[in-house]
**Q** 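Encoded as structure tokens, here's the structure I'll be asking about.
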Amino acid sequence: MTSQVRGAQLARLLGQWHALPGRRRSPDYAALAGAVRGLLADGRLPLGVRLPAERELAEALRISRTTVTAAYRELRESGHLASRRGAGSWTMLPGNHRMASTGLWTPSDDRDMIDLGVAALAAPPELLPAARAAAEDLPRYLGGAGYHPTGISELREAVAHAYDERGLPTSPEQIMVTNGTQHALDLVLRLAHSPGGTVLVEAPSYPNALAALAARRARITTHGLSVTEPGWDADLLLGSLRQVRPKLAYLIPDFQNPTGHLMPAELRERVVATAHAVGTDLVVDESFVDLPLDGTVVPPPTASFDRHSRVVTVGGMSKPFWGGLRIGWIRASAPQVQRLAAARVGVDMASPVLDQLVAVHLLDEAAAIVAARRAQLTVQRDALLAALAERLPEWRVTVPHGGVTLWAELDGPISSALARAAEEVGVRLAPGPRFGLDGTLERFLRLPFTLPAADLVEAVGRIAAVRYDLDRAARPRWREPAVIA
Ligand SMILES: Cc1ncc(COP(=O)(O)O)c(C=O)c1O
């Protein structure tokens, strides 16, 4: 299914295309073609999208049609546009290039490596006491078989209560406990998605969610986020939903991974209403919702605007507490939870009781634990920002007011080359294209601030050193593949 970008929408995306740096001597058509190529390379304009007719774009940009005709011709010649008479023109990359953004990645235990590929904190000090207390609780469960496909009731109650506190009334029957948020997403896809169905995702987005979608043979269509706040373009996002009418949309409205953006309340409401109107189910990933920084007020949960069970929410313990716990959940309608549980018994039966008990104890103390996490993340983010400003001042970053990552705009399309070079000096990076689908996003890099400040500063120093040699250095090769999370 091809979506179309209208003249006014493309004009807004193009912004000040005629005044881009370094275009002084190039004619208008070349500058326009260059600006379209830039949008494609950044993932802001998806591949396979139909561009407006020449006349429509000319009117929207208030330029002559001949200029647009010449720009489209240049884009066809450079391999960025395919046209068929009577059917229009679609965006593409030269040679129909598509780079896999997903694949088999295994963790590496190289202790000397500063791993900026993983955006997750080490366990909090409260974990060990919680694990001991959980072991004491365990005898209460040992008389039963231990299989609880929707989760043990005390954890379902604690999770439901947390939604209540956020202003989203939730009963424990609406919660299903999973082995992490990724598992939650996979289970939701099993139920809500059939192979070949279209799914709308943000670009950039979380690589392992893209992997889950690829595994389910989703036809993915993207909504390009801008680097600056708020990130989502309401008109384009709602327009894509109306045009493409995807079966599903997967969104991360709360401190989006990787950009850190926070979707405003008004847009949440409009997305839910539009999704309902066009028959799209929304899967909302709240992995980072507990981690606002700088006193940021988090808008109401996306599901609070839902009157028709269109929104399924997934979340978990990994980001505020610890990834090694492998506890996540799904919030859906009670009948949906029953269907999910029936699907789940064909996968893994149930989550470990002991780990669920640990989660209950941690959630009991959530306020204090999460407050400390936020304070820690604020210090680390600020150290990372200061190091970037000092060592790599050409890079543009939007300060994230929550979550655990920032999305840097680099001084060239160097992300993958930089990641290869950084690996040689002991820094593992997740380059921009890992967060997209088609080899775009080479001018971006996700940087998590989950490691201690000293490691972040050291890593930036090493990255800066290799960045400035990049053009001269021989191309290093990849070592071991590594997990990105
Ligand atoms: C947006 C998003 N969803 C899901 C996950 C996976 O979380 P979990 O460890 O709970 O499976 C992550 C982890 O980075 C994430 O960033």
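Order of listing sets the numbers, starting from 1, for every ligand and every atom in it.
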**Q** Going by distance alone, is a donor N or O of one side chain under 3.5 Å from an acceptor N or O of the other, for R331 and T170?
**A** yes
**Q** Could you measure the distance from the CG atom of N179 to the CD atom of Q356? Nearest 0.5 Å is fine.
**A**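 Atom-to-atom, N179:CG and Q356:CD are 8.5 Å apart.
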**Q** Which heavy atom of the protein is the closest neighbour of atom 6 (C) of ligand 1, given with residue, atom name and distance?
**A** Y206 OH, 3.5 Å
**Q** Stepwise, does the salt bridge (charged side-chain N to carboxylate O under 4.0 Å, His left out) test hold for E423 with R462?
**A** CA-CA 10 Å; E423 188 104 5; R462 293 188 203 173; over 6 Å; no
**Q** Looking only at side chains, do Q336 and S333 share a donor and an acceptor under 3.5 Å apart?
**A**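 Looking only at side-chain atoms, S333 and Q336 do form a donor-acceptor pair, the distance falling under 3.5 Å.
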**Q** N257 heavy atoms, cut-off 4.0 Å: which ligand 1 atoms fall inside?
**A**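 Per the distance check, 15 (C), 16 (O).
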**Q** So, do F444 and P204 sit near enough that their side-chain heavy atoms are less than 4.5 Å apart?
**A** no
**Q** Could you list the atoms of ligand 1 found under 4.0 angstrom from a heavy atom of R326?
**A** 8 (P), 9 (O), 11 (O)
**Q** Between the side chain of T398 and the main-chain N/O of V227, is any donor-acceptor distance below 3.5 Å?
**A**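 Checking the backbone N and O of V227 against the side chain of T398, a donor-acceptor pair under 3.5 Å is found.
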**Q** Give the numbers and elements of all ligand 1 atoms closer than 4.0 Å to a heavy atom of K319.
**A** 12 (C), 13 (C), 14 (O)
**Q** Using atom types as modelled and distance alone, determine if a side-chain donor or acceptor of T178 lies under 3.5 Å from a backbone N or O of G328.
**A**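 At least one qualifying donor-acceptor pair exists.
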**Q** Could you tell me whether some N/O pair between D285 and ligand 1 is separated by less than 3.5 angstrom?
**A** yes
**Q** At less than 4.0 angstrom from any non-hydrogen atom of S318, what atoms of ligand 1 do you find?
**A** 8 (P), 9 (O), 10 (O)
**Q** Considering the heavy atoms of F288, write down every atom of ligand 1 situated less than 4.0 Å from one of them.
**A** 1 (C), 16 (O)
**Q** Checking a contact table here: which protein heavy atom is nearest atom 7 (O) of ligand 1, and how many Å away?
**A** T181 CB, 3.6 Å
**Q** Atoms of ligand 1 less than 4.0 Å from G180 heavy atoms?
**A** 10 (O), 11 (O)
**Q** Identify, by atom number and element, the atoms of ligand 1 in contact range of I252, meaning under 4.0 Å from any of its heavy atoms.
**A**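 Under 4.0 Å from I252, ligand 1 has these atoms: 1 (C).
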